Amino acid sequence: MSRYNVKETEARWQAEWERRSCFTAAEDAGRPKYYVLEMFPYPSGRIHMGHVRNYTIGDVIARFKRAKGFNVLHPMGWDAFGLPAENAALEKKTHPAKWTRENIATMRGQLKTMGLSIDWSREVATCDVEYYRHEQKMFLDFMKAGLAYRKESWVNWDPVDNTVLANEQVIDGRGWRTGALVEKRKLSQWFLKITAYADELLKGLESLDRWPERVRLMQENWIGKSTGVRFRFDVQGRDDKLEVFTTRPDTLFGASFAAISANHPLASELAANNPALAEFIAECNRLGTSEEAIETAEKKGFDTGLRVVHPFDPAWTLPVYVANFVLMEYGTGAIFGCPAHDQRDLDFARKYDLPVTPVVIPADADPAAFAVGTEAYTGPGVLKNSRFLDGLDVESAKQEIGKRMESAGQGERTTQYRLRDWGVSRQRYWGCPIPVIHCPEHGIVPVPDDQLPVVLPEDVTFDKPGNPLDHHPTWKHTACPTCGKPALRETDTFDTFIESSWYFARFCSPHTADAAFERKAVDYWLPVDQYIGGIEHAVLHLLYSRFWTRALTQCGYLDVAEPFAGLFTQGMVNHETYKDANGAWLSPADIVRNDKGELVAADGGPVAVGRVEKMSKSKKNVVDPANIIDTYGADAARLFMLSDSPPERDLEWTEAGIDGAWRYINRLWRMITEAPVALPAAGSPAPAELSDKAQGARRLIHKTVAGVGEDLDKFRFNKAVARVRELSNALAELDGKSAGEAWVLREGFEALVRMVAPMMPHLAEELWAHLGHATPLVEQPWPEADAALATDDVVTMAVQVNGKLRATLELPRDVAKDEAERRALADANVQKALEGKPVRKVIVVPNRVINVVV
RNA sequence: GCCCCAGUGGCGAAAUGGUAGACGCGGCAGACUCAAAAUCUGUUGCCGGCAACGGCGUGCUGGUUCGAGUCCGGCCUGGGGCACCA
């Protein structure tokens with residue numbers, strides 16, 4: 001029995017593809033283009049199973065589309081700026097640039113062993129000045145277009161390290177390194193006006209018909225368009241007013257309090273003379289800036305003692321609280337609370353003993369008896385206890401009160417978005433410098449074109465906390481471009497979401513020096529036809545890219561409506577978790593099976609098997625793809641990634657699964673290289689006569705070709721693999737002793753090999769060569785199914801009595817309904833189930849089912 | 001807390017509103033072998049039955065329908081996101 005030599009074979013074909021430049025893409029007006037892109041990796045050190053899954057899926061699509069005649073662009077690059085590089089600098093004393101570039105080199109090598117059909121000549125790394133210089137120019141153009149502006153906003157501040165913290169660096173309100181209670185600080189920062197495109201980004205979702213519905217829904221909710229009323233309360237004893245926004249103006253007569261954000265100007269003003277309030281605000285600020293922390297915290301309020309006057313009753317006043325759940329970023333940073341019809345307001349009212357007056361009565365409730373207990377009523381109904389609104393439904397009441405406020409000049413009906421402008425300033429080193437200069441005289445001055453790019457200096461130190469750019473002895477000192485006097489560079493860098501907001505365009509002409517990309521290249525390649533990545537990017541990255549594309553269009557860089565015409569979001573790769581006797585996490589590599597078949601630690605100690613969870617360093621449940629590829633080869637790893645689980649769902653990595661993939665590879669190898677008979681030459685004509693068995697196998701070949709093509713189009717890789725296995729099982733039944741069977745074996749083997757090529761490209765090439773072909777499979781077109789052979793002329797129909805299966809019948813395809821009905825009623829089992837009862841109705845679904853209703 | 005998604009045999013899963021469990025893993029039985037591994041063959045949702053066959057069965061619960069894993073309502077559990085992780 002010959003053995004398939006994976007290592008030698010995979011390396012040889014990878015070299016051959018490279019030698020032939022099989023995957024180098026060029027614009028070609030004569031062929032339809034297809035741009036396949038997987039989300040580019042952050043160079044964290046080594047590739048992980050998530051990458052293997054992502055790039056396997058993308059490569060299957062790229063190879064499949066190439067075989068279907070498309071001019072495919074399939075590039076790869078590195079999302080190379082970011083926080084981990086700076087953490088590595090602190091922990092391992094390596095420079096972020098060195099760390100990043102070494103990681104890129106390692107990961108590039110690892111990716112190449114996967115045998116991906118990537119055009120490596122287009123590789124980019126976003127930390128290279130040749131890349132990020134272009135986004136400096138884009139930013140300056142956005143400034144000119146009014147899409148970039150500065151405003152004060154909050155950051156997490158670690159008072160011990162004197163450093164700005166990312167949300168993930170705040171753990172339970174404390175800095176991750178120092179353990180100090182985090183404070184919020186206000187800094188002047190750059191923002192991009194994504195809200196200017198809120199409506200367009202919302203409308204554009206409708207055109208994205210090849211995006212998952214759930215991603216469009218999440219984006220829609222994120223943008224959060226809502227209509228409501230913005231109005232002003234008079235504040236008792238003061239001249240100023242308190243402006244609030246509400247989506248439920250109809251419930252205004254059920255109001256029992258007003259609440260403002262801890263960061264509302266009024267709160268700050270009152271706190272100046274109220275130490276208790278100041279302490280409450282400080283407590284709110286210790287929650288950090290993340291919405292999650294704020295929303296999950298216990299709802300608390302502080303009565304300011306101020307009262308606001310009800311807009312429709314000068315005698316009616318409401319207390320004003322500072323509340324920890326009111327966000328300054330949304331609406332006006334102030335609300336009114338109607339406890340009966342909002343759960344959060346109700347919880348708050350119960351806690352502070354505020355009145356709860358129902359003003360909307362559900363249609364089926366008794367108006368006199370309707371009361372609200374612990375659950376707010378948020379459904380439709382009729383207004384009550386609401387003076388001029390009484391008797392109106394919720395919608396009419398909203399309109400009526402809006403109109404009255406507008407005519408009284410107290411407020412106006414408006415549209416509000418949840419979406420906030422995109423803050424892009426980061427007080428960090430490892431990022432693209434923001435190209436502006438601060439002049440004492442001229443304020444903010446953009447760096448002039450001829451002084452671009454602003455290069456990130458590499459001679460920095462990490463011995464002090466804070467941003468090394470700020471500590472650099474000379475870098476920030478420069479001359480004002482306007483007056484030439486000493487001025488300071490901005491030391492903040494860009495959010496790394498900026499790099500990933502346009503890399504797909506850079507890939508179209510990655511080596512253009514004087515521009516971000518060539519117009520004719522982006523006009524040809526964009527939009528990306530199929531984008532593939534994790535669901536975790538459903539909102540931020542994808543929304544920012546959609547915005548950036550529009551901003552680039554506005555500034556004349558390109559003309560594309562949407563960057564990603566098709567999107568596929570794959571699931572995570574999970575693994576069992578293990579703990580030793582002391583409760584410490586154990587890596588799968590440290591686990592063995594003892595002679596009793598139990599899982600034990602390498603030292604023989606007991607192992608507790610935990611839940612299946614996302615592979616993560618912290619839980620040590622990681623399997624290194626490099627080891628897998630080294631042992632089983634890239635094809636086995638790829639096959640396993642595609643086999644069992646549908647790609648959008650989470651996949652559990654198991655030893656048994658990779659073994660199964662490995663076994664199948666060897667099975668295919670043996671089946672074809674040790675075929676039972678000499679096969680007829682490739683391309684010989686079909687014999688005139690085929691045995692029933694051979695003809696049946698032939699039908700299955702064509703059915704499989706048709707099915708696999710459809711499955712790959714629809715990302716049903718697991719089904720495609722199942723079909724391919726089914727066909728190989730059937731072909732294994734043929735002994736090839738008759739001329740007909742031998743011919744069908746040749747047809748079947750060739751079809752099999754061509755169909756598995758996108759999934760297991762190395763094995764497929766090797767077998768294709770073995771079948772006697774001189775030109776590589778990568779240059780072959782996708783096989784075509786004979787439609788006549790791919791459809792059966794006999795179908796199995798189910799016969800039900802009252803919806804219960806009682807028999808199945810073999811009937812000619814598309815048999816007449818009355819004939820099907822006659823045959824069904826003639827069946828003995830059906831007659832038995834009818835028990836002599838009269839037939840009321842017979843439903844015949846062609847080629848599927850016959851349901852007899854009694 | 002809010003938004004989104006998922007839940008089917010021992011396990012991964014399949015199933016345009018129409019035969020639930022294709023394909024694979026594991027198990028069991030057998031072939032080959034001195035033996036084992038590898039490989040091959042058969043079998044395998046659960047309960048009852050020698051069998052034919054019957055009953056039950058898609059997280060829980062209620063509904064729509066001739067017919068529901070699939071559609072609708074309410075729950076439970078797990079996962080993703082929440083604007084400075086990427």
Side-chain angles (χ1 to χ4, degrees), chain A residues 1 39 41-42 44 79 81-84 87 155-156 164-170 194 212-215 217-222 224 289-299 325 329 343-344 347 418-428 495-497 500 534-541 543-544 569 571-572 574 611-614 643-646 648-652 654 656-657 659-661 663-664 666-667 670 716 718-719 721-726 729 732 796-808 829 832 840-843 845 847-854:
Chain A
M1 192 156 62
M39 291 179 183
Y42 179 79
S44 54
D79 188 13
F81 275 139
L83 207 47
N87 293 337
V155 293
N156 300 308
V164 176
L165 297 177
N167 281 337
E168 74 156 5
Q169 297 173 319
V170 179
I194 189 170
E213 182 57 32
R214 60 167 160 160
V215 174
L217 243 178
M218 280 190 261
Q219 293 214 350
E220 186 183 324
N221 290 335
W222 188 264
T289 58
S290 96
E291 190 173 318
E292 185 192 357
I294 293 163
E295 290 274 322
T296 49
E298 191 197 350
K299 308 287 177 282
F325 57 85
E329 291 79 17
Q343 193 60 45
R344 202 168 50 181
D347 296 342
R418 203 187 76 96
L419 181 69
R420 309 197 297 257
D421 276 337
W422 176 12
V424 295
S425 296
R426 296 291 180 270
Q427 296 71 42
R428 314 208 177 281
D495 178 7
T496 57
F497 273 124
S500 53
I535 186 70
E536 66 273 20
H537 293 292
V539 177
L540 293 180
H541 159 60
L543 194 64
Y544 290 148
T569 53
M572 298 180 307
N574 297 341
R611 297 182 348 159
V612 174
E613 291 191 65
K614 178 182 176 171
S643 296
D644 292 340
S645 296
E648 68 277 9
R649 219 184 286 181
D650 286 356
L651 171 86
E652 187 192 345
T654 59
D659 277 343
R663 277 205 301 272
Y664 181 66
N666 283 287
R667 185 161 175 238
R670 279 193 310 272
R716 298 187 298 215
N718 53 329
K719 283 191 70 186
V721 170
R723 280 188 212 272
V724 160
R725 293 187 98 122
E726 218 169 357
N729 289 345
T796 309
M797 288 185 73
V799 186
Q800 301 174 335
V801 176
N802 282 346
K804 282 207 170 202
L805 182 72
R806 294 300 171 184
T808 56
N829 266 327
K832 196 175 124 201
R840 275 186 25 218
K841 189 156 85 166
V842 179
I843 291 153
V845 181
N847 302 324
R848 292 257 177 207
V849 78
I850 303 156
N851 190 13
V852 182
V853 185
V854 296

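Hydrogens, waters and symmetry mates play no part in the numbers below; they use all other heavy atoms, side chains included. These numbers come from a predicted model, not from an experiment. Here is how names work: the chains are called A, B, and so on, in the same order as the sequence lines, proteins then strands, and each is numbered from 1.
- Contact annotation: Ser643(A) side-chain N/O to G24(B) OP1/OP2 distance is not under 4.0 Å.
- The side chain of Tyr544(A) has A83(B) as its nearest neighbour among A83(B), A20(B), U39(B).
- Residue contacts for Trp222(A): at a heavy-atom cut-off of 4.0 Å it reaches a base atom on one of the strands shown.
- The CZ atom of Arg420(A) sits 17 Å away from the P atom of C3(B) (whole-angstrom rounding).
- The distance between atom CD of Gln169(A) and atom P of A83(B), rounded to the nearest whole Å, is 14 Å.
- Contact detail for His541(A) and Ser500(A): the closest heavy-atom pair is CE1-O, 3.1 Å.
- A side-chain N or O of Asn167(A) and one of Thr289(A) form a donor-acceptor pair less than 3.5 Å apart.
- Within 3.5 Å, a donor on the side chain of Arg428(A) pairs with an acceptor on the base of C84(B), or the reverse.
- No hydrogens or angles were tested; on distance alone, a donor-acceptor pair under 3.5 Å links the side chain of Asn851(A) to the base of C66(B).
- Taking atom NZ of residue Lys804(A) and atom C1' of nucleotide C66(B), one finds them 15 Å apart after rounding to whole Å.
- Within the nucleic acid shown, Gly423(A) comes within 4.0 Å of sugar-phosphate atoms alone, with no base atom in reach, counting heavy atoms only.
- A donor-acceptor distance shorter than 3.5 angstrom exists from the side chain of Arg418(A) to the backbone of Trp222(A), with no hydrogens or angles considered.
- Nucleotides A36(B) and U58(B) have their C1' atoms positioned 41 Å apart, rounded to a whole Å.
- With a 3.5 Å ceiling on both atom-pair distances, the Watson-Crick or G-U wobble partner of A31(B) is U39(B).
- Thr496(A) has a side-chain polar atom (N or O) that falls below the 4.0 Å cut-off from OP1 or OP2 of A86(B).
- Rounded to whole Å, the P atom of G57(B) lies 32 Å from the corresponding atom of G42(B).
- Below the 3.5 angstrom threshold, one finds a donor paired with an acceptor across the side chain of Gln427(A) and the base of C84(B).
- Where Val215(A) and Leu83(A) each meet RNA chain B at their nearest nucleotide, the meeting point lying more 5' is that of Val215(A).
- At least one donor-acceptor pair under 3.5 Å links the side chain of Asp421(A) to the backbone N or O of Ile194(A).
- When the P atom is used for both G10(B) and C60(B), the distance is 14 Å, rounded to whole Å.
- Taking the C1' atoms as reference points, C23(B) lies 14 Å from G9(B), given to the whole Å.
- Taking only side-chain nitrogens and oxygens, Arg418(A) never comes nearer than 4.0 Å to OP1 or OP2 of A83(B).
- The backbone N or O of Glu652(A) lies less than 3.5 Å from no partner atom in the side chain of Asn574(A), so there is not a single donor-acceptor pair.
- Between the C1' atoms of U41(B) and G55(B), the separation comes to 32 Å (whole Å).
- The partner of C56(B), taking Watson-Crick or G-U wobble pairs whose two distances both stay under 3.5 Å, is G45(B).
- Side-chain contact, Arg840(A) with Asn802(A): no donor N or O sits under 3.5 Å from an acceptor N or O.
- Among the heavy atoms of the strands lying under 4.0 Å from Glu536(A) is at least one base atom, whether or not backbone atoms are also near.
- Counting non-hydrogen atoms under 4.0 angstrom, Phe325(A) reaches nothing in the nucleic acid.
- Using atom P as the reference point in both G62(B) and A68(B), the two lie 14 Å apart (nearest Å).
- The nucleotide C23(B) finds its pairing partner in G12(B), both defining distances of the Watson-Crick or G-U wobble pair being shorter than 3.5 Å.
- Spacing of C1' atoms, G81(B) relative to A86(B), comes out at 13 Å, to the nearest Å.
- Nucleotide C82(B) has G1(B) as its partner under the Watson-Crick or G-U criteria, with both atom distances under 3.5 Å.
- As rounded to whole Å, 15 Å separates atom P of C84(B) from atom NE2 of His541(A).
- Nucleotide G12(B) holds its C1' atom 16 Å from the CE atom of Met572(A), rounded to whole Å.
- Checking the phosphate oxygens (OP1, OP2) of C53(B), no side-chain nitrogen or oxygen of Lys832(A) falls inside 4.0 Å.
- Residue Ala538(A) is classed as having no contact, given no heavy-atom separation below 4.0 Å to the nucleic acid.
- At a threshold of 4.0 angstrom between heavy atoms, the contacts of Arg344(A) with the nucleic acid are absent.
- Taking 3.5 Å as the limit, the base of C82(B) and the side chain of Glu291(A) contain no donor-acceptor pair of atoms between them.
- In this model, the phosphate group of A13(B) is not approached by any side-chain N or O of Arg716(A) to a distance below 4.0 Å at OP1 or OP2.
- A sub-4.0 Å separation between OP1 or OP2 of A14(B) and a side-chain N or O of Arg649(A) is present.
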side-chain contact (heavy atoms from CB on, under 4.5 Å) between Tyr664(A) and Val721(A), intermediate numbers included: CA-CA 11 Å; Tyr664(A) 181 66; Val721(A) 170; over 6 Å; no
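- The partner of U70(B) is absent, by the rule that a Watson-Crick or G-U pair needs both atom distances under 3.5 Å.
- Summary of the strand contacts: Ile843(A) and Asp650(A) both lie near RNA chain B, and taking for each the nucleotide with the nearest heavy atom, the more 5' one is attributed to Asp650(A).
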